[in-house]
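Numbering of ligands and ligand atoms starts at 1, following listing order.
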Amino acid sequence: MTLPKNFLWGGATAANQAEGGIFEGGRGLTNTDLMPIGEDRKAIAFGSLDNLERRSDYFYPSEEAIDMYHHYMEDIDLLAQMGLKVYRMSISWTRIFPNGDDAHPNEVGLRFYEAILKKLREHQIEPLVTLAHFDVPVALIKKFGGWRDRRMVKAYVNYAQTVFTRYKGLVKYWLTINEINILLHQPFVGGGLIFKEGDNIEALKYQAAHHQLVASALATKIAHDIDENNQVGCMLAGGSHYPYSCRPKDYLEAIHRDNGEYFFIDVQSRGYYPSYALKKLEREHITLSVEPEDERILKENTVDFVSFSYYSSRTVSGYDEDYATTTGNLFKSIKNPNLPSTDWGWQIDPLGLRSSLNMLYNRYQKPLFIVENGLGAKDVPNEMGYVEDDYRIDYTRQHIEAFKDAVEIDGVELLGYTTWGIIDVTAASTGQMSKRYGFIYVDRDDEGNGTLARTPKKSFYWYKDVIASNGEVL
Ligand code: BG6
């Protein structure tokens, strides 16, 4: 048998794309509640459009999402039927602290997640909980300008401490900040940053990054102090960079671009700023505002494991030539002529997952966890409402084969695998419902119409067999 017996097979969702119910249970607004479907979404994500008030002419997909707020229990029953060993979810910060830094937590919010976590435990499903999955309380964006301000550290750490304390014994695996490198690409989504004319955008992003890194390290410390069984991971939007050709400049560019993304994980895993990052800051005359204790905090509180999302590799060149480009998770890439693409232009590269696992394991020598992977595709239910998603099964099978080889042949230590959007959720990039990843279909369209009924797809039954056989039956 290739995979260890306790391998964590599972699926993932996030509060902002699944829950809805944004005005219920005393919840406060968060950054993703302000991201409409349509043209302005990108500018808002990049922090170039100030949009802190909700508008009646916008449609906000997160407002209802798939209404998991009211469907959580039946959804968990379905996950249990699939035989999931682990379920990755996120806690919505503003359900616990509606303004992000209230004097007392909101008991309704704490009870809401407590019931979910207990239900998972009843089904022997291990929760894997992300503290902030694209989640910056709007009140703190208004008050502090988001993560550019050091006071965010205190607010986040207090939130983390509150949930670690309350859910002690219910949760063992925690992720501090989802796809932490998104801060560089979509600063509003990752850090609640909105830029004004004349701002030094690069300096603000790295200052916000420093605050997140310190906050993540402090949360890691507190998690360990509260319960020595807690395992805390960092989370990277993964996918290695390929050089477009074997020309040396292309290869060097690939190394530089990898460094650019791994910067966060380097700090969280090794405990100090890598020299290439210090040089970059120096070169660009960016002086970070740092507290004397920060160096020690980062050094002493590295993560227990490294988690990442993987949708594709990326391709880059060191030459300023005219290449066809393609969209991918969070940022553009040169189109790799050797790879097929999804309907949304994301390139499909299962072997790239094995390469990424090797690269990350060599770099950090810590257990890895693939916490997102999947195919965003249009599903068309038949007249019985059933989706025969063989394309999704093929995609997932190829990626599972790739990580099995990484474990068996390359010796990578891998804790588990959670497919993204195990149940259809709204897409983070576009807000669309029609970009579906799930093994469970949700009846809802891009305009918010539909019964919200849940129906297992063909992939549901396939994945059930995969899990039951610990990945032997593919
Ligand atoms: C990752 C995010 O960026 O990719 C998820 O962590 C997101 O929240 C996923 O949904 C897939 O991206 P998209 O845009 O297809 O939903």
Side-chain angles (χ1 to χ4, degrees), residues 10-20 30-33 35-38 41-42 44-46 61-62 65-66 68 87-93 128-136 175-191 233-239 261 264-265 307-314 326-333 341-348 353 356 369-379 391-392 395-396 399 417-439 442 444 446:
T13 61
N16 78 84
Q17 289 158 261
E19 279 181 11
T30 195
N31 56 342
T32 44
D33 298 337
M35 298 192 57
I37 268 198
R41 190 174 178 88
K42 266 203 179 130
I44 292 170
F46 295 151
S62 66
I66 58 158
M68 220 159 163
Y87 169 54
R88 177 179 175 225
M89 54 180 274
S90 74
I91 292 180
S92 159
W93 182 342
L128 165 60
V129 176
T130 313
L131 289 171
H133 191 124
F134 306 158
D135 198 354
V136 189
L175 302 180
T176 53
I177 297 177
N178 182 63
E179 295 193 332
I180 188 163
N181 48 325
I182 194 181
L183 188 61
L184 302 179
H185 307 284
Q186 297 186 11
F188 180 73
V189 179
C234 52
M235 199 310 199
L236 163 85
E261 303 308 319
F264 297 84
I265 310 297
S307 82
F308 66 105
S309 60
Y310 178 83
Y311 294 92
S312 185
S313 52
R314 310 172 201 281
T326 177
T327 57
N329 186 22
L330 310 184
F331 40 102
K332 270 192 186 162
S333 155
S341 301
T342 72
D343 290 346
W344 274 264
W346 295 24
Q347 296 205 276
I348 302 176
L353 174 57
S356 284
F369 207 138
I370 305 163
V371 295
E372 283 186 34
N373 170 241
L375 176 70
K378 280 199 180 94
D379 289 334
Y391 38 92
R392 185 169 291 111
Y395 176 101
T396 315
H399 286 78
Y417 173 69
T418 58
T419 61
W420 175 248
I422 183 98
I423 174 165
D424 293 342
V425 294
T426 59
S429 51
T430 60
Q432 288 167 301
M433 201 51 226
S434 51
K435 189 180 187 194
R436 296 171 184 275
Y437 288 85
F439 298 162
V442 177
R444 184 172 166 88
D446 289 344

N16 and S62: CA distance, side-chain angles, deciding distance, side chain to side chain donor-acceptor pair (under 3.5 Å) verdict: CA-CA 6 Å; N16 78 84; S62 66; over 6 Å; no
- line: The side chain to side chain donor-acceptor pair (under 3.5 Å) partners of S333 (sequence neighbours excluded) come to none
- request: Anything under 30° is parallel, anything over 60° is perpendicular, the rest tilted; go ahead and classify H399 against Y310.
  value: tilted
Nearest non-hydrogen partners of I66 and D424, listed with the distance: CG2-O, 3.2 Å
query: Considering residues at least two apart in sequence or located in another chain, which fulfil the salt bridge (charged side-chain N to carboxylate O under 4.0 Å, His left out) criterion with E261?
result: none
task: Kindly write out the residues that satisfy side chain to side chain donor-acceptor pair (under 3.5 Å) with R314, not counting sequence neighbours, or none if the list is empty.
output: none
Short N or O contacts of ligand 1 with protein, under 3.5 Å, listed by atom name?
| residue | atom | partner | partner atom | Å |
| --- | --- | --- | --- | --- |
| ligand 1 | 3 (O) | E179 | OE1 | 2.6 |
| ligand 1 | 3 (O) | E179 | OE2 | 3.1 |
| ligand 1 | 3 (O) | N329 | OD1 | 2.8 |
| ligand 1 | 3 (O) | N329 | ND2 | 3.4 |
| ligand 1 | 4 (O) | E372 | OE1 | 3.3 |
| ligand 1 | 6 (O) | H133 | NE2 | 3.3 |
| ligand 1 | 6 (O) | N178 | ND2 | 3.0 |
| ligand 1 | 6 (O) | E179 | OE1 | 3.4 |
| ligand 1 | 6 (O) | E372 | OE1 | 3.1 |
| ligand 1 | 6 (O) | E372 | OE2 | 2.7 |
| ligand 1 | 8 (O) | Q17 | OE1 | 2.7 |
| ligand 1 | 8 (O) | H133 | NE2 | 2.8 |
| ligand 1 | 10 (O) | Q17 | NE2 | 2.8 |
| ligand 1 | 10 (O) | W420 | NE1 | 3.1 |
| ligand 1 | 14 (O) | A428 | N | 3.4 |
| ligand 1 | 14 (O) | S429 | N | 2.8 |
| ligand 1 | 14 (O) | S429 | OG | 2.4 |
| ligand 1 | 15 (O) | K435 | NZ | 2.6 |
| ligand 1 | 15 (O) | Y437 | OH | 2.5 |
| ligand 1 | 16 (O) | A428 | N | 2.7 |

